[in-house]
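Read through the structure below, which is laid out as structure tokens, and then see the notes.
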Amino acid sequence: MKKVLATIGLFSSVLFFAQKSENYLQIGYASVCCGTPSDKPVMDYLAQFKTKSKVKSLEVYKQSGLGREGEYNLYIGTDGLSKTQKTDFIRGLKSAVNSQNKTRKSESTGLVNFNENETVKKADLMNARNITLISTSKIIKTK
């Protein structure tokens with residue numbers, strides 16, 4: 001009986017402390033006519049930043065179903081980053097998004113939208129529909 005209670009207690013505390021961020025950056029993937037752009041450049045940047053800055057985990061949510069052509073948003077938690085890390089993270093993320101938008105193949109290719117001054121609160125995010133947590137263990141750069 002003690003083992004069962006200990007297991008339940010451990011599992012509950014892990015779930016309670018797993019999601020720590022209260023503030024999230026929003027990255028929007030919009031379609032012009034022919035679908036949304038890939039999130040690969042941003043996910044590659046997240047993996048690179050995580051490795052380079054030795055960040056244990058990044059909390060990333062995906063909100064899908066925002067349009068007819070597969071529009072979606074990514075939300076990245078920033079509360080686990082120090083002030084310096086957050087500044088570097090935003091600068092690099094902005095660069096990755098700008099680079100992706102500049103290398104669009106045509107005007108019919110979708111855009112990636114990012115405003116570093118706009119944050120989304122956890123309460124707003126949890127009230128939104130079609131939200132899924134992207135496992136941060138998947139954010140590992142593959143060679």
Side-chain angles (χ1 to χ4, degrees), residues 4-143:
V4 172
L5 291 175
T7 303
I8 290 171
L10 179 64
F11 184 69
S12 298
S13 66
V14 168
L15 288 177
F16 180 74
F17 291 110
Q19 300 171 357
K20 298 177 182 175
S21 291
E22 291 291 328
N23 300 297
Y24 297 84
L25 296 173
Q26 177 180 344
I27 303 171
Y29 290 84
S31 173
V32 174
C33 88
C34 307
T36 59
S38 171
D39 64 0
K40 185 175 178 354
V42 169
M43 296 306 267
D44 286 348
Y45 172 72
L46 293 178
Q48 173 194 359
F49 180 82
K50 186 176 171 183
T51 304
K52 181 180 174 186
S53 300
K54 298 178 182 160
V55 175
K56 290 184 180 181
S57 68
L58 287 171
E59 192 175 351
V60 181
Y61 285 94
K62 181 177 182 177
Q63 181 181 26
S64 58
L66 298 177
R68 293 182 184 180
E69 295 182 7
E71 290 87 351
Y72 63 96
N73 290 334
L74 291 180
Y75 299 96
I76 305 167
T78 58
D79 291 347
L81 304 175
S82 69
K83 190 172 184 177
T84 306
Q85 284 177 327
K86 185 176 178 181
T87 303
D88 292 343
F89 177 72
I90 291 173
R91 186 179 308 123
L93 188 58
K94 195 168 150 183
S95 176
V97 167
N98 288 338
S99 175
Q100 185 173 5
N101 284 332
K102 285 180 184 176
T103 58
R104 291 180 7 174
K105 290 187 172 47
S106 69
E107 292 300 316
S108 63
T109 307
L111 288 167
V112 182
N113 302 306
F114 174 62
N115 181 353
E116 70 271 12
N117 297 319
E118 192 174 307
T119 59
V120 177
K121 297 292 182 188
K122 184 175 188 169
D124 296 330
L125 192 60
M126 293 301 121
N127 290 329
R129 59 185 177 88
N130 299 334
I131 297 283
T132 55
L133 178 66
I134 297 175
S135 173
T136 55
S137 61
K138 291 181 182 178
I139 303 175
I140 299 172
K141 191 168 188 166
T142 55
K143 296 180 181 181

> Which pairs count as ring pair (Phe, Tyr, Trp, His ring centres under 6.0 Å) when at least one residue sits in residues 78-105, sequence neighbours excluded?
Replying inline: Y45-F89, F49-F89

> At what distance, to the nearest 0.5 angstrom, does OG1 of T78 lie from CD of E22?
Replying inline: 10.5 Å

> For N23, does its backbone N or O pair with a side-chain atom of D79 as donor and acceptor, under 3.5 Å?
Replying inline: yes

>> Just verifying a value: how many Å separate N130 CG and Q63 CD, rounded to the nearest 0.5 Å?
In response: 7.0 Å

> What residues form a salt bridge (Lys or Arg N to Asp or Glu O under 4.0 Å) with D124, not counting sequence neighbours?
Replying inline: none

>> With no hydrogens and no angle check, just 3.5 Å: does a side-chain donor-acceptor pair link Y61 and E59?
In response: yes

>> Looking only at side-chain N and O atoms, does K62 offer a donor or acceptor that is under 3.5 Å from a partner on N73?
In response: no

> Do L74 and I134 have side-chain heavy atoms sitting under 4.5 Å apart?
Replying inline: yes

>> Please check this pair: side chain of Q26 against backbone of Y24, looking for a donor-acceptor N/O pair closer than 3.5 Å.
In response: no

>> Would I76 and L93 count as a side chain to side chain contact (heavy atoms under 4.5 Å, CB included) here? Give the steps.
In response: CA-CA 11 Å; I76 305 167; L93 188 58; 4.2 Å; yes

> Taking the six-membered ring for Trp, are Y72 and Y29 parallel (under 30°), tilted (30 to 60°) or perpendicular (over 60°)?
Replying inline: parallel

> Out of curiosity, S53 OG to K86 NZ, how far, rounded to the nearest 0.5 Å?
Replying inline: 14.5 Å

Check: residues 110-120 side-chain donor-acceptor pairs under 3.5 Å, at least two apart:
{"from": "N115", "atom 1": "OD1", "to": "N117", "atom 2": "N", "distance (Å)": "3.0"}
{"from": "E116", "atom 1": "OE2", "to": "K94", "atom 2": "NZ", "distance (Å)": "3.2"}

